[in-house]
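Since this is a predicted model, take the numbers as computed values, not measurements.
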Amino acid sequence: MGNILSQSFRLPPPTLTEKNLPDQSGRVHIVTGGYAGCGLELSKILYQKNATVYLAGRSADKANAAISAIKQAFPDSKGKVDFIKVDFSDLSTIKSGVEGFLSKEKRLDVLTNNAGVMTPPAKSKDAHDRDLTLGTNIIGPYLFTKLLTPILQSTAKDAPKNSVRVTWASSAAAFINPPAGGVAFDKDGNVSNFSNDNGKAYAQSKASNMLLASEFAKRYGRDGIISVSWNPGNLTSELQRHMNSVAAWVLDRVLLFPTIFGAYTELYAACSEDITESQNGAFIAPWGRVYDAPGHITSGTKTEAEGGSGHAEKLWTWLDKTTSQYA
């Protein structure tokens, strides 16, 4: 419980904000869900520092409204802001979105996997009849990242050391409510659905992203890519839209911080020079600090030969198989 409290109360101030972020001219960022919540706030910070920013998501209307607002707020920016249409609950949409991006850009410096859902209506399904939280928070982002890995690798060849990154959305929920090892598998090696328990599904999805951050670092760190996961913090955002009104009111009055602070956590993960290859695979706590992962996650990142559960490797293998027809 102490790990949760230290990520929720009496937090140190953010060390990287729009005030001291270096100029981002020439750098290309993708922010999934970048037109709402802390994803939108992150997109604003990057654009005002002259970055090329792509907002990835399923709603063109929301993206276009956000793009207009961003440009109006920062008319002196020399950056660019654009939209990638993908729906992480429908794997068939992801490859075409990536291909559209690749037709426009020759580099990708940072992919921020920000998009996700929290406590949707019980038994909600994605387009493939899987649990919606599982599909949107894990499977879709994995495929998106997989398809973008070649351009990340090529960018890292010439980019400043440790500057090319993939970051993954986790949560304090990953510390308290996931299954052993961070993710549960059935007897056939498939990730278990928790359609009847939103809390478990959400916790598993966020623990899984910690595992994926570590596994990606193991596989692609040698190519010069940094991969970390982060807890954005307890924020006021659209994620609470499915909660009952009383719970949402209590959270907003007692536990939640302005959305911009989540963007500072994500910004630290994306751009802080404090993060080097020695922190590859690390977990970032609010509002931007390297933090110890819980024991069940650390066990999951290690193979069975290393004395762990091997769940990160198993999760990667399952995701690769599950998404292969859409790659």
Side-chain angles (χ1 to χ4, degrees), residues 32-37 39 55-63 83-98 113-148 168-171 173-174 176-212 229 232 237-245 247-248 311-312 314-327:
T32 69
Y35 46 66
L55 319 181
R58 65 182 180 179
S59 174
D61 289 343
K62 288 183 178 180
F83 174 54
I84 300 172
K85 185 173 178 59
V86 288
D87 181 352
F88 291 139
S89 69
D90 184 352
L91 299 179
S92 69
T93 70
I94 295 176
K95 187 173 184 178
S96 61
V98 170
N113 283 311
N114 163 81
V117 296
M118 182 174 73
T119 61
K123 300 184 180 180
S124 295
K125 300 288 187 178
D126 68 6
H128 312 283
D129 201 36
R130 298 188 186 94
D131 178 81
L132 180 65
T133 300
L134 177 66
T136 303
N137 292 7
I138 310 173
I139 304 174
Y142 170 84
L143 177 60
F144 192 58
T145 302
K146 176 181 178 179
L147 294 173
L148 289 167
W168 308 77
S170 186
S171 165
I176 56 174
N177 199 30
V183 58
F185 298 91
D186 64 23
K187 60 182 178 60
D188 298 317
N190 300 311
V191 173
S192 297
N193 284 331
F194 289 116
S195 298
N196 295 321
D197 191 323
N198 273 329
K200 284 186 177 179
Y202 183 72
Q204 174 165 260
S205 75
K206 296 307 180 180
S208 293
N209 282 337
M210 293 179 74
L211 296 175
L212 289 175
S229 59
S237 76
E238 287 190 0
L239 285 176
Q240 289 92 37
R241 65 187 180 275
H242 295 302
M243 298 183 71
N244 70 65
S245 57
H311 280 195
K314 293 176 185 176
L315 175 62
W316 190 282
T317 299
W318 179 78
L319 286 167
D320 204 47
K321 177 182 69 176
T322 299
T323 61
S324 60
Q325 72 183 96
Y326 301 99

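A donor-acceptor pair under 3.5 Å is formed between the side chain of N198 and the backbone N or O of P120.
Atom CG of L211 is separated from atom OG of S170 by 9.0 Å, given to the nearest 0.5 angstrom. A distance of 5.5 Å separates CG of N209 from CG of L212, quoted to the nearest 0.5 Å. The NE2 atom of H128 lies 11.0 Å from the CG atom of L134; values are rounded to the nearest 0.5 Å. Here the straight-line distance linking atom OG of S324 with atom CG of L319 works out to 11.0 Å at 0.5 Å rounding. Here L143 contributes atom CG and I94 contributes atom CD1; the two are 4.5 Å apart, rounded to the nearest 0.5 Å. Put simply, NZ on K206 and CD1 on I138 are 9.0 Å apart, with the number rounded to the nearest 0.5 Å.
Take D87 and apply the side chain to side chain donor-acceptor pair (under 3.5 Å) test, not counting sequence neighbours, and it matches S89. Remark: D90 engages no residue in a salt bridge (charged side-chain N to carboxylate O under 4.0 Å, His left out) (not counting sequence neighbours). Partners of D129 according to the side-chain contact (heavy atoms from CB on, under 4.5 Å) rule, which considers only residues two or more places apart in sequence or in another chain, are K125. Among residues two or more places apart in sequence or in another chain, the side-chain contact (heavy atoms from CB on, under 4.5 Å) test is passed with A56 by I30, T32, I84, V86, F144. Judged as a side-chain contact (heavy atoms from CB on, under 4.5 Å), and not counting sequence neighbours, the contacts of D61 are S59. F83 is linked by a ring pair (Phe, Tyr, Trp, His ring centres under 6.0 Å) to nothing, counting only residues two or more places apart in sequence or in another chain. For S229, the side chain to side chain donor-acceptor pair (under 3.5 Å) criterion is met by no residue, not counting sequence neighbours. By the side-chain contact (heavy atoms from CB on, under 4.5 Å) test, T322 pairs with R130, I139, W318, sequence neighbours left out. In terms of the ring pair (Phe, Tyr, Trp, His ring centres under 6.0 Å) criterion, residue partners of Y142 (sequence neighbours excluded) are, by chain and number, W316. Applying the side chain to side chain donor-acceptor pair (under 3.5 Å) test to N113 and every residue at least two apart in sequence or in another chain returns T145.
Applying the salt bridge (Lys or Arg N to Asp or Glu O under 4.0 Å) test to residues at least two apart or on different chains, the pairs with a partner in residues 315-327 are K146-D320.
The two atoms that bring R58 and Y35 nearest to each other are N-OH, 3.1 Å, heavy atoms only. Shortest non-hydrogen contact noted between P179 and A184 is CG-N, 3.4 Å. Taking each heavy atom of T136 and G116 in turn, the nearest pair found is CG2-CA, 4.3 Å. Listed here is the closest heavy atom pair of G33 and A115: N-CB, 3.6 Å. Among all heavy-atom pairs drawn from G135 and P141, the shortest one is O-CD, 4.1 Å.
Side-chain contact between Q204 and V191: present, with at least one pair of heavy atoms (C-beta onward) separated by less than 4.5 Å. Residues F185 and N190 fail the side-chain proximity criterion, which asks for heavy atoms closer than 4.5 Å.
The number of heavy atoms from other shown groups lying within 6.0 Å of NZ (K95) does not exceed 12.
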